[in-house]
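If you're wondering where the values come from, they're calculated on a predicted model, not measured in any experiment.
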2 protein chains.
Amino acid sequence: MTTLPGMADEQLLRLDQQLCFSLNAASRAFGGVYRVLLRDLGLTYPQYLVMLVLWEDGELPVKRIGERLRLDSGTLSPLLKRLEAAGLVRRERSPQDERSVTVALTPEGSALRERAGQVPRRLLAATGLPIEDMAALRGLLERVTAAMDAATVEPAP
Amino acid sequence: MTTLPGMADEQLLRLDQQLCFSLNAASRAFGGVYRVLLRDLGLTYPQYLVMLVLWEDGELPVKRIGERLRLDSGTLSPLLKRLEAAGLVRRERSPQDERSVTVALTPEGSALRERAGQVPRRLLAATGLPIEDMAALRGLLERVTAAMDAATVEPAP
DNA sequence: CGCGATTGAGTTGTGCACAATTGAATTGCG
DNA sequence: CGCAATTCAATTGTGCACAACTCAATCGCG
């Protein structure tokens, strides 16, 4: 099934526009609110995402952080350097496998968790959605993402 | 209402993680599929969004494009220069208001629309979602975005 | 009319996303 | 064991997002 036979190209084009516009706009609106909330903490939104996984797991190799956040080393390496320069994490090569770099929280990085405590509550309030709707949104987003990842799109028609 | 009294901080933090992870991941998965589909056309995803509004309206001032896509001149100016260098658009100062720059499709830019015709259909197929779910997703995303834009978040608690 | 405020585009600087490549460490196969 | 293939992080280069700023054109109020 690739043609959705009942729909005209024009309709599809409009729906596509609406969906990709909406997703883009939502992602950037989200980022904008986080930017303001995180300014006090001195974190950007992607840096906050990295800190969230570290607060959860304490210490992780770069590889694992990348798997959790779907980010590659090209994004993570400079980001982690900035977190290290800010004194929030340490990076050291694993003695077991010299290829791997383990990222661990410093005491300052752990302490930041307290100050970040209010962020989720304020953000969820800003969304203005009831909890059930948020769960539904998350469910749909995850289904879309899974389908996108599974779809090995062919470059040329 | 800012405190959602029934929920513990821990739960909120987890929900926040899930929602922002999901939104981020979906946005990037979407971008990844578009990247592949658009490679033949020589367009990036944000360039495609600009072309979509131009295909719809023919010609627009930079200001209007920015309003449609929620992008500022800092993003649009270099992007439009690249589209102009690719021969897809013309940019010229409006005679009525010399501050304004009107962006118009070239014949090549208009012609590209034909080649882009299959993109939405292939993308919608890749999402793997029924049309109703996509409409629901779009609705939720728009509600979140509207709420985010309305919420004038205070920098410091 | 004159001048200060506003508007629109562009520039600069920082940071993220991703492709492609590099280089070192490790793995595994013959 | 020895060497080719793989793995992991880092680097390079392009493009986007956004804040802060510049500068010219326009607007509007007195």
Side-chain angles (χ1 to χ4, degrees), chain A residues 20 23-36 38-39 42-51 60-67 69-86 89 91-103 148-149 155, chain B residues 20 23-36 38-39 42-51 60-67 69-86 89 91-103 148-149 155:
Chain A
C20 66
L23 189 51
N24 239 268
S27 178
R28 301 221 311 287
F30 228 70
V33 173
Y34 268 114
R35 200 187 326 280
V36 177
L38 295 174
R39 200 173 313 255
L43 292 177
T44 66
Y45 182 34
Q47 287 166 9
Y48 174 66
L49 296 181
V50 170
M51 293 303 286
L60 283 171
V62 173
K63 186 76 195 312
R64 295 270 164 278
I65 299 177
E67 285 169 4
L69 302 178
R70 301 169 168 279
L71 292 173
D72 66 6
S73 67
T75 300
L76 286 175
S77 287
L79 188 157
L80 291 169
K81 272 193 188 174
R82 283 185 281 268
L83 288 181
E84 187 177 42
V89 306
R91 293 184 308 147
E92 35 195 48
R93 298 247 157 220
S94 160
Q96 287 78 33
D97 185 343
E98 289 280 339
R99 293 169 305 178
S100 177
V101 169
T102 299
V103 180
M148 293 288 204
D149 286 346
Chain B
C20 66
L23 190 50
N24 240 266
S27 179
R28 299 222 312 288
F30 228 70
V33 173
Y34 268 114
R35 199 185 326 281
V36 177
L38 295 174
R39 199 174 314 257
L43 293 176
T44 66
Y45 182 34
Q47 287 167 8
Y48 173 67
L49 296 181
V50 170
M51 293 303 286
L60 283 172
V62 174
K63 187 74 197 311
R64 295 270 164 278
I65 298 177
E67 286 169 3
L69 302 178
R70 301 169 168 281
L71 292 173
D72 65 7
S73 67
T75 300
L76 286 175
S77 287
L79 188 157
L80 291 169
K81 272 192 188 176
R82 284 185 282 268
L83 288 181
E84 188 176 42
V89 306
R91 293 185 308 148
E92 34 196 50
R93 297 249 157 219
S94 160
Q96 287 78 34
D97 186 343
E98 290 280 338
R99 293 169 305 180
S100 178
V101 169
T102 298
V103 181
M148 293 288 202
D149 286 346

Please tabulate, one pair per line, each protein N/O and nucleotide N/O from nucleotides 25-29 of chain D that are separated by under 3.5 Å, including the distance.
| residue | atom | partner | partner atom | Å |
| --- | --- | --- | --- | --- |
| D:dT26 | OP1 | B:E98 | N | 3.1 |

Do you know which two heavy atoms are closest between A:Y48 and A:L38, and how far apart they sit? CB-CD1, 3.5 Å
Indicate whether OP1 or OP2 belonging to C:dA9 is found under 4.0 Å from a side-chain N or O atom of B:R93. no
Nearest-0.5 Å distance that lies between atom CG in B:L79 and atom OG1 in B:T44: 5.5 Å
Could you state the atom-to-atom distance from CD of B:E67 to P of C:dT7 in whole Å? 12 Å
Would you kindly give the CG-to-P distance between B:L43 and D:dT14, to the nearest whole Å? 19 Å
Roughly, in whole Å, what's the span from CZ in B:R28 to C1' in C:dA19? 14 Å
Of A:P46 and B:S73, the one whose closest nucleotide on DNA chain C sits nearer the 5' end is B:S73
Which residue in the set B:I65, B:L49, B:V62, B:L76 passes side chain to side chain contact (heavy atoms under 4.5 Å, CB included) when paired with B:L71? B:L76
Checking contacts here: which listed nucleotide (D:dA9, C:dA19, D:dG15) is nearest the side-chain heavy atoms of A:D72? C:dA19
Starting at OH of B:Y45 and ending at P of C:dA19, how long is that distance when rounded to a whole Å? 16 Å
Rounded to the nearest Å, what distance is computed from the CZ atom of residue B:R35 to the P atom of nucleotide C:dA20? 11 Å
Closest to the A:T75 side chain: C:dA17, D:dA17, C:dG10? C:dA17
Evaluate the ring planes of A:Y34 and A:Y45, with Trp represented by its six-membered ring, and classify them as parallel (under 30°), tilted (30 to 60°) or perpendicular (over 60°). parallel
Would you say A:K81 places a side-chain N or O within less than 4.0 Å of OP1 or OP2 belonging to D:dT11? yes
Which of C:dA17, D:dG15, D:dA17 is nearest the side chain of A:N24? It is D:dA17
Rounded to the nearest angstrom, tell me the gap between atom CZ in A:F30 and atom P in D:dC18. 15 Å
B:K63 has a side chain; which of D:dA10, C:dA9, D:dC18 sits nearest to it? C:dA9
Could A:K81 and A:E84 be called an ion pair, given the rule that one side-chain N must be under 4.0 Å from one carboxylate O? no
Select base, sugar-phosphate, or nothing to describe what B:L76 touches, counting heavy atoms under 4.0 Å on all strands. nothing
Within less than 4.0 Å of OP1 or OP2 of D:dA10, is there a side-chain N or O belonging to A:S77? yes
Within a 6.0 Å radius of atom CZ on A:R64, are there more than 12 heavy atoms belonging to other residues, nucleotides or ligands? no
Choosing from C:dA9, C:dG15, D:dA10, which nucleotide comes nearest the side chain of B:V62? C:dA9
In whole Å, I'd like the distance from the CZ atom of B:R39 to the P atom of C:dA20. 7 Å
For the residue pair B:G42 and B:Q47, what are the closest heavy atoms and their distance? O-OE1, 3.9 Å
Among D:dA17, D:dA10, C:dA9, which is the nearest nucleotide to the side chain of A:V101? D:dA10
Checking contacts here: which listed nucleotide (C:dA9, D:dA10, D:dT11) is nearest the side-chain heavy atoms of B:S100? C:dA9
Heavy atoms, side chains only, cut-off 4.5 Å: are A:L83 and A:M51 in contact? yes
Using a cut-off of 4.0 Å on non-hydrogen atoms, how would the nucleic acid contact of A:R91 be classed: base, sugar-phosphate, or nothing? sugar-phosphate
Write down the distance between CD (A:E92) and C1' (D:dC8), rounded to a whole number of angstrom. 17 Å
